Amino acid sequence: MLHLSHNNISGRIPLEILQITSLQYFMVSDNLLNGSLPQEIGALRELIFLALDGNNVLFLLSNSFFGSIPQEVGMMRSLTQLDLSSNFLIGPIPSSIGNLSNISGSIPEELGLLKHLWVLQLLNNRKMVELSNLKLHRNKLSGPIPTTIGNLTKLTTLSLKLNELSAGLSSIDLQENKLSGSIPSTIGNLTMITILGLVEMNNLTRLTNLQLSDNNFVGQLPPQICQSGTLVYFGAINNHFIGPIPKSLKNCSSLFRLRLDGNHLTGNIAEDFDIYPNLNYIDLSSNNLYGELSSKWGQCHNLTNLKISNNKIFGSIPPEIGNATMLGVLDLSSNHLVGKIPKDLGRLKSLLKLLLNNNQLSGNIPSEIGMLSVLEHCNLAANNLSGLIPKQLGECSRLLFLNLSRNTLAGSIPYDIGSLQSLQSLDVSKNLLVGEIPPKLGGMKQLETLNLSHNNLSGSIPSTFDDSTSLTSIDISYNELEGPIPNITAFHTAPIAALQNNRGLCGNVVGLKACSKLIPNPLSKRSNKFLVIILLSLLGTLFIVFVIVGVSLLLCRRAKKREDKPREAHNDNLFAIWSYDGKMVYENIIEATENFNSKYCIGVGGYGSVYKAVLPTRQAVAVKKLHPLLDGEKSNQKAFTSEIHTLTEIRHCNIVRLYGFCSHPKRSLLVYEFLEGGSLVKLLKSEEGAKAFDWIKRVNVIKGVANALSYMHHDCSPSIIHRDISSKNVLLDQEYEAHISDFGTARLLKPDSSNWTSLAGTFGYMAPELAYTMEINEKCDVFSFGVLTLEIIMGKHPKDLISSLSSPIITIRDLLLKDVLDQRLSLPTNEAAREMLSIANIAIACLHTIPQSRPTMQQVSQELSTQKSHLPNTLHTITFGEVVDLRVSIV
């Protein structure tokens, strides 16, 4: 026996002591010993008791051994007690410690003091088979959960949450880990478990609650998860599960809450679900489910939340959903739904959120939506809805958010919308609305965000907006508005892009002309009664005159159309442009560019040249003039028709807007919105421009491109593949908002036909698989996006970095991210640094040489919006060292 505890001994353990092979008791607790544990300790084969702990109450005398525990500890097979607590040991506990089969007694509480513990393996001890309660939460445990844990047949509670484990177990609460990989089948031996956090559980006949959320699990969900018919709660949110929805869920009438959102599940949704009398909440969003919605959802009378957004659901919305009268949230957004919005939805009296945006719904907005008296959030954007905005929407008195943008709604904005005194955000942009802005909109006391842009609204802005103190953001661009802007902060601080392209707005804002002091705003001050009477009389007289003249002009125009119609049918110089006389605009373009003089040229590409033209309305447009066709040449004309066909099918704020076109073999034109910022490639090549292009702007450009590609790949039917994503085809407006352009090589991805085609794109951005196959799919754009993203953060094309990443196994070590980022900007710090790191991670994932291993653009877009990594674990991981140095290790 050697008992040296509490003796103020310092230094390392003398190796001479470790040569006493007959030593049975060695205790040096509460000294000042330090250094690493020597490997020679394994020579003490007769040792029964070893205490090297530093557990002094005040830590005035405390050992401080550091480093890892040597494997040789497992050679001391006679040990019955081992105490290494309260030191600075790190790394994994060696597997050889399982050889110490004589260790017995209780697990000491001091085990919780091992703050750097990575792996704990105690399963070869005979006493452990009696274990019923094991709690190891809030440590740094990592690695897989051993399969032999299934031998603990009396285990009823195991808590491993808030660790860094890579496979998992039960009572089990394993949320907020980084679990991945498969689950040991022996976990099915734990037949007493009623609350379980993982799989292979056909024997678990009492299972009522299964929670697998927020990990990195892969593989398929167990098909017989509800074989017992007792499952009440099932959550597997934000993992990487693939395959079908478990078959047993179809008849699982006990279900109360089901959440499988944020995975890669597939299957026909019409076949996977039935009637659930108890179901209260279901979320299947962000998967790859397809098929039509079943009318049976209307028979789930206790259902309060039905969320199936971001899938591939097609067909129409079944009217029977209106029978699920307890629904509070109906989210079917970002699918491929067609047909009309059922008026039966007006029977959902408890509905708080109605989200049908990003589909292909058509027809009128049913007036019955006005019957939803408690509705707070209504988003019908990005559909093909037409007709008038129903005035009954003004009866939804609790509405906070209303988005009807990116449709083809016509008529004027209903006066009744101004009655929504709780409304905080109103967006009716990118429609075909006409008329004046209702004065009541200016009196909405809670309105913060107002977007009326890209319509045909006319007249002046009502004076009621002068008292609108709640407004913080407005956009009235691309209308026919005129007169002074309201004298409030929202208008004075608005970017010029939010006011531009109107008929004649004026005011004290950079980019607008000053208002004339001689002409007061007739709506800004009240006139006296006599002036009002005179004005009314004049207006009445003018109205009669206008009616007479208008009717005469209408009759003349109809007669002229009848005369011109036969000749028009044979005219090859037709010019189509929205809301304008095509022939007049064509002549205006010729005049504005002086017959396409080179001084107006702002870019030259493979298919044509781009010119800036300022029309008489002072609206600037970009005109792409295709190169003349040579005899027998069809490629340019094919690109021209492809671009027209593609851009007329899609509507997105990050995709360049097509105004019109002129189709003729000798002079084919495309007319787009003009974007003042020019192309991304020119900006990055400019020293001055790149310095103004800060990290926040660069991140927003990356997000904008990702959102546009996600829309093209996942929200368009059929999907659209751009095929030429590069810095020359990303245009910027004055606010550095990104717009994808040049759809001359775009392809519609038709699922029932061949998608093989000729090689197209820009070298340096094309996916490597195109070198040996001409099959086009979304993953080609994903690769190009990865190149573009690295180019944006590096400030130059990343050809050298891509070459080093071309192997599935990356060999770069200790790469400094600060050496990769654009040196013309100061290094990002804190949150900005972490965001740039996350973006670099995403970009490298997109460059995987195996197309199937790249994330989808929908995943990328969601990842960029949340900055919380749930991308597949196939991506190359990048981890922070010191944030200050921006050190990155690529594994």
Side-chain angles (χ1 to χ4, degrees), residues 495-497 500 593 596 598-614 620-627 639-640 643 646-647 650 652-659 669-709 712 722-746 760-766 781 784-799 822 824-825 843:
I496 187 59
Q500 67 184 7
T593 60
F596 299 105
S598 59
K599 67 181 180 181
Y600 297 99
C601 184
I602 57 176
V604 179
Y607 295 115
S609 302
V610 182
Y611 298 82
K612 178 181 178 181
V614 180
V621 295
V623 182
K624 181 193 283 187
K625 175 177 171 286
L626 268 68
H627 299 316
F640 175 76
E643 188 147 8
T646 303
L647 286 176
I650 56 181
H652 193 277
C653 59
N654 294 115
I655 296 176
V656 68
R657 185 178 183 185
L658 177 67
Y659 286 151
L669 306 178
L670 290 164
V671 184
Y672 307 96
E673 61 178 320
F674 177 74
L675 297 165
E676 299 84 349
S679 69
L680 180 60
V681 65
K682 287 186 178 180
L683 178 64
L684 292 175
K685 287 182 178 179
S686 166
E687 280 298 313
E688 183 178 351
K691 290 179 181 178
F693 192 31
D694 58 36
W695 297 119
I696 295 177
K697 294 185 178 74
R698 296 188 190 211
V699 170
N700 287 337
V701 167
I702 292 169
K703 290 180 178 180
V705 175
N707 292 340
L709 287 175
M712 290 162 55
H722 188 280
R723 299 174 68 200
D724 196 11
I725 295 297
S726 63
S727 54
K728 66 181 176 65
N729 289 334
V730 175
L731 304 180
L732 307 175
D733 59 21
Q734 284 186 332
E735 300 302 314
Y736 293 89
E737 187 74 22
H739 301 258
I740 295 179
S741 68
D742 206 338
F743 284 76
T745 59
T762 302
F763 288 104
Y765 297 87
M766 288 189 292
D781 281 353
S784 301
F785 172 80
V787 178
L788 177 67
T789 299
L790 288 179
E791 182 177 2
I792 292 173
I793 66 176
M794 295 175 67
K796 60 182 180 180
H797 191 280
K799 55 184 177 181
D822 194 339
R824 294 171 291 185
L825 295 181

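The structure presented is a predicted model; accordingly, all values stated were derived computationally and were not measured.
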Should we say atom NZ of K796 is surrounded by more than 12 heavy atoms from elsewhere, each under 6.0 Å from it? no
d(Y672 OH, K624 NZ) to nearest 0.5 Å is 3.5 Å
Interatomic distance, S741 atom OG to L658 atom CG [nearest 0.5 angstrom]: 12.0 Å
Please give me the minimum heavy-atom distance between H797 and V787, naming the atom from each residue. NE2-CG1, 3.6 Å
Within the side chain of T789, is there an N or O that forms a donor-acceptor pair under 3.5 Å with the backbone of A843? no
Close side-chain approach of M766 to D724, heavy-atom, < 4.5 Å: no
For F596, does the six-membered ring have the charged nitrogen or CZ of K625 within the cation-pi criterion, i.e. under 6.0 angstrom from the centroid and within 45° of the normal? yes
CE of M794 to NZ of K799, rounded to nearest 0.5 Å, is 11.0 Å
Going through the checks in order, is the side chain to side chain contact (heavy atoms under 4.5 Å, CB included) test met by I725 and I740? CA-CA 8 Å; I725 295 297; I740 295 179; 4.0 Å; yes
Residues that E688 engages under salt bridge (Lys or Arg N to Asp or Glu O under 4.0 Å), provided they are two or more places apart: none
Does any non-hydrogen side-chain atom of E673 lie less than 4.5 Å from one of Y659? yes
Might you point out which heavy atoms bring H722 and D742 nearest each other, and give the distance in Å? NE2-O, 3.0 Å
Output the distance between atom OG (S726) and atom CD (E791), rounded to the nearest 0.5 Å. 8.0 Å
Find out whether I793 and D822 are in side-chain contact, i.e. whether some heavy atom of one side chain is under 4.5 Å from a heavy atom of the other. no
If I take atom CH2 from residue W695 and atom CD1 from residue I702, how far apart are they, to the nearest 0.5 angstrom? 9.0 Å
Can we say E687 and R824 salt-bridge, meaning some charged N sits less than 4.0 Å from an Asp/Glu carboxylate O? yes
L788 side chain near V730 side chain, heavy-atom distance below 4.5 Å: yes
Any chance you could measure L669, atom CG, to T593, atom OG1, to the nearest 0.5 Å? 8.5 Å
Please table the atom pairs, donor to acceptor, closer than 3.5 Å between any side-chain atom in residues 678-685 and protein atoms at least two apart or in another chain.
| from | atom 1 | to | atom 2 | distance (Å) |
| --- | --- | --- | --- | --- |
| S679 | OG | K682 | N | 3.4 |
| K682 | NZ | I602 | O | 3.0 |

Donor-acceptor pairs under 3.5 Å, side chain of residues 731-739 to any protein atom, not counting sequence neighbours: which ones?
| from | atom 1 | to | atom 2 | distance (Å) |
| --- | --- | --- | --- | --- |
| D733 | OD1 | E735 | N | 2.9 |
| D733 | OD1 | Y736 | N | 3.1 |
| D733 | OD1 | E737 | N | 2.8 |
| D733 | OD2 | H739 | NE2 | 3.4 |
| E737 | OE2 | N654 | ND2 | 2.9 |
| H739 | ND1 | C653 | O | 3.3 |

Begin with the C-alpha distance, continue with both residues' side-chain angles, and end with the deciding distance and a verdict on side chain to side chain contact (heavy atoms under 4.5 Å, CB included) for V701 and F693. CA-CA 10 Å; V701 167; F693 192 31; 3.8 Å; yes
Walk me through whether Y765 and S727 qualify under side chain to side chain contact (heavy atoms under 4.5 Å, CB included). CA-CA 9 Å; Y765 297 87; S727 54; 3.2 Å; yes
Could you go through K612 and V621, starting from their C-alpha distance and side-chain angles, then the distance that decides it, and tell me whether this counts as side chain to side chain contact (heavy atoms under 4.5 Å, CB included)? CA-CA 6 Å; K612 178 181 178 181; V621 295; over 6 Å; no
